[in-house]
*Asks:* 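Sharing a structure below in structure tokens format, with a few things to ask.
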2 protein chains.
Amino acid sequence: MSKLGKKEFNREGLLNQGVVFFMNQGYHGTGLQEILDAVNVPKGSFYNYFSSKEEFGAAVIQHYIEPFISRLSTHLQQSDSDALGAIRRYFAELIVELEENKFKGGCLLGSLMGEIGSTSDICQQSLQSAIARYRDLLQSGLARAQQQGTVRTDKTPEEMADLLINTWQGALLRMQIEKSSAPVKQCCHDLLDDFFIR
Amino acid sequence: MSKLGKKEFNREGLLNQGVVFFMNQGYHGTGLQEILDAVNVPKGSFYNYFSSKEEFGAAVIQHYIEPFISRLSTHLQQSDSDALGAIRRYFAELIVELEENKFKGGCLLGSLMGEIGSTSDICQQSLQSAIARYRDLLQSGLARAQQQGTVRTDKTPEEMADLLINTWQGALLRMQIEKSSAPVKQCCHDLLDDFFIR
DNA sequence: TTATAAAAAACGACCGGTCGTATTTTTAAA
DNA sequence: TTTAAAAATACGACCGGTCGTTTTTTATAA
């Protein structure tokens, strides 16, 4: 493997394991050594990839949200005549995976917002932008659902997108400690099958 | 001050400071030394009060939720002919305080659910019971509001209490990183002034 | 040979927890 | 009521280990 290729490979590995460990143990509960061991990168090499743990954390956040954005985006494109259905199916898909994972990790964004959202400026900014991107996409989907007549129009798409994201985050936290998918299922039902309709 | 009195005094002080530090810096981000220094208790004495940091964390959780329960309970008693109004005023009061605190700390329960909800059995149980107690109280208030005809009756009080708690938690997380009370205000408006009404 | 990146070694600070001991409080016997 | 034994608490030094980061050395490529 080429030199530059390996460097990118290691960087990706660090980010992937960063997501896993930060989700399971939190930011302060995870040592760099654990992540480095998991991808066989020497400790001294870490700072060739990232300038600090804090900046690494910010990068992990961006790395984490990417698949969710592209998946939701795919759903919205696939069934562009039924945006509300696309959103419903997207979240239903997430719930299946959460159940498969036995409710171990919820959402990295939610966990890190609580843990370091107020203390690390760098991570706070990263969290802001990650959620903003996610919200904007959800908002555009809800706006189209309004045009298609499947979602009430007396609330702005932005307001509903924010409410859905916030409730989803809270439900994920509940899910973790209740070890049940009931909270997330109820979240989707209450909002997508009731409150957003009319 | 009597000796037994001092012991209880120190214990309370540790719990109070535990709430503050865990809220601001998280569980793993807070060392026992910080808390001990804040209440002038020697390191070696900590284990006369609590058997471990983990058990201390579980006690802090219970200590944290108590004032919220008693405050909501007071509101419900004060205006027992308007349970929905009591709930509205309770949350409005919380929002004022959050704004006074410049959105520094959100909710300890939400933060700890994400950080250690899946890793510490003891704290997980404490979080479960704390939230259950809070939910039961909110549920009873919503049930009375239903009897008073101010809240829709086609949803169970339990379902609405859960939804309100979860959305509130998610909104608190958003508030922290957006440094704005808009999320929590919107949470209360969307649910208490719209979704729960009929 | 020189410049550059990778990796090993080392850094001080701090972690949660334990230790022996000093002091106090409680218990029980006298 | 006084006294002696015992139990509980207070306390700071200290444990091995890990933290994130820096410095120094080694390997690689130009």
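To find a chain, count down the sequence lines: A is the first, B the second, and so on, and within it residues start at 1.
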*Asks:* Check this for me: does the side-chain of N48(A) come within 3.5 Å of the base of dA5(C) through a donor and an acceptor?
*Replies:*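 For N48(A), whose side chain was compared with the base of dA5(C), there is no donor-acceptor pair (under 3.5 Å).
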*Asks:* If I take atom CD1 in residue I35(B) and atom P in nucleotide dG17(C), what distance separates them, rounded to the nearest angstrom?
*Replies:*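 To the nearest whole Å, that distance equals 12 Å.
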*Asks:* On DNA chain D, check which nucleotide each of N40(B) and H28(A) is closest to and give me the residue with the more 5' one.
*Replies:*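 This one resolves to N40(B).
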*Asks:* Calculate the interatomic distance between F9(B) atom CZ and dA10(D) atom C1'; express it in whole Å.
*Replies:*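 Checked: the CZ to C1' distance equals 16 Å.
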*Asks:* Atom CG of N10(A) and atom P of dA7(C): how far apart are they, to the nearest Å?
*Replies:*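 Going from N10(A) (CG) to dA7(C) (P), I get 8 Å.
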*Asks:* Hey, which of these two, S52(B) or P42(A), hits DNA chain C nearer its 5' end, going by closest nucleotide?
*Replies:*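 Mapping each residue to its closest nucleotide by heavy atoms, the 5'-most match is P42(A).
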*Asks:* Out of dA10(D), dC15(C), dG17(C), which has the shortest distance to the side chain of Y49(B)?
*Replies:*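 Closest nucleotide among those given: dA10(D).
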*Asks:* Are E55(A) and S51(A) close enough that a side-chain donor and a side-chain acceptor fall under 3.5 Å?
*Replies:*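 Present: a donor and an acceptor within the cut-off.
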*Asks:* Find the distance D37(B):CG to dC14(C):P and express it as a whole number of Å.
*Replies:*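 Computing the D37(B):CG to dC14(C):P distance gives 11 Å.
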*Asks:* Atom CD of Q33(B) to atom C1' of dG12(D): distance rounded to whole Å?
*Replies:*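 Distance, rounded to whole Å: 10 Å.
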*Asks:* Within this structure, what is the CG-to-C1' distance between L36(B) and dA13(D), rounded to whole angstrom?
*Replies:*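 Answer to the nearest Å: 15 Å.
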*Asks:* Check the phosphate of dT9(D) against S45(B), side-chain N and O only, distance under 4.0 Å to OP1 or OP2. Yes or no?
*Replies:*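 Checking S45(B) against dT9(D): no side-chain N or O falls below 4.0 Å of OP1 or OP2.
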*Asks:* Within a strict 4.5 Å, meaning less than it, do heavy atoms of the I61(B) and F22(B) side chains meet?
*Replies:*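 Counting from C-beta outward, I61(B) and F22(B) never come under 4.5 Å.
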*Asks:* Any donor-acceptor pair, under 3.5 Å, between the side chain of K53(B) and the base of dG17(C), if you only look at N and O atoms?
*Replies:*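 No.
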*Asks:* Against L127(A), only a single residue in I122(A), L108(A), L109(A), I65(A) fulfils side chain to side chain contact (heavy atoms under 4.5 Å, CB included); can you say which?
*Replies:*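 Of I122(A), L108(A), L109(A), I65(A), side chain to side chain contact (heavy atoms under 4.5 Å, CB included) with L127(A) is met by L109(A) alone.
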*Asks:* Decide yes or no for N24(B) and T30(B): does some side-chain heavy atom of the first lie under 4.5 Å from some side-chain heavy atom of the second?
*Replies:*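 No - every pair of side-chain heavy atoms lies 4.5 Å or more apart.
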*Asks:* Please classify the nucleic acid contact of S51(B) as base, sugar-phosphate, or nothing, using heavy-atom distances under 4.0 Å.
*Replies:*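 S51(B): no heavy atom of the nucleic acid under 4.0 Å.
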*Asks:* Please classify the nucleic acid contact of G44(B) as base, sugar-phosphate, or nothing, using heavy-atom distances under 4.0 Å.
*Replies:*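 Base contact.
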*Asks:* Could you give the CZ-to-P distance, from F46(B) to dT18(C), as a whole number of Å?
*Replies:*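 Spelled out: CZ on F46(B) to P on dT18(C) is 11 Å.
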*Asks:* Between H28(B) and Q25(A), do the side chains contain an N or O donor and an N or O acceptor separated by less than 3.5 Å?
*Replies:*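 No - no donor-acceptor pair under 3.5 Å links their side chains.
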*Asks:* Once you round it to whole Å, what is the distance between C1' of dA5(C) and NZ of K43(A)?
*Replies:*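 To the nearest whole Å, that distance equals 20 Å.
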*Asks:* Applying a 4.0 Å non-hydrogen cut-off, can you work out what Y47(B) is touching in the nucleic acid: base, sugar-phosphate, or nothing?
*Replies:*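 Result for Y47(B) = base.
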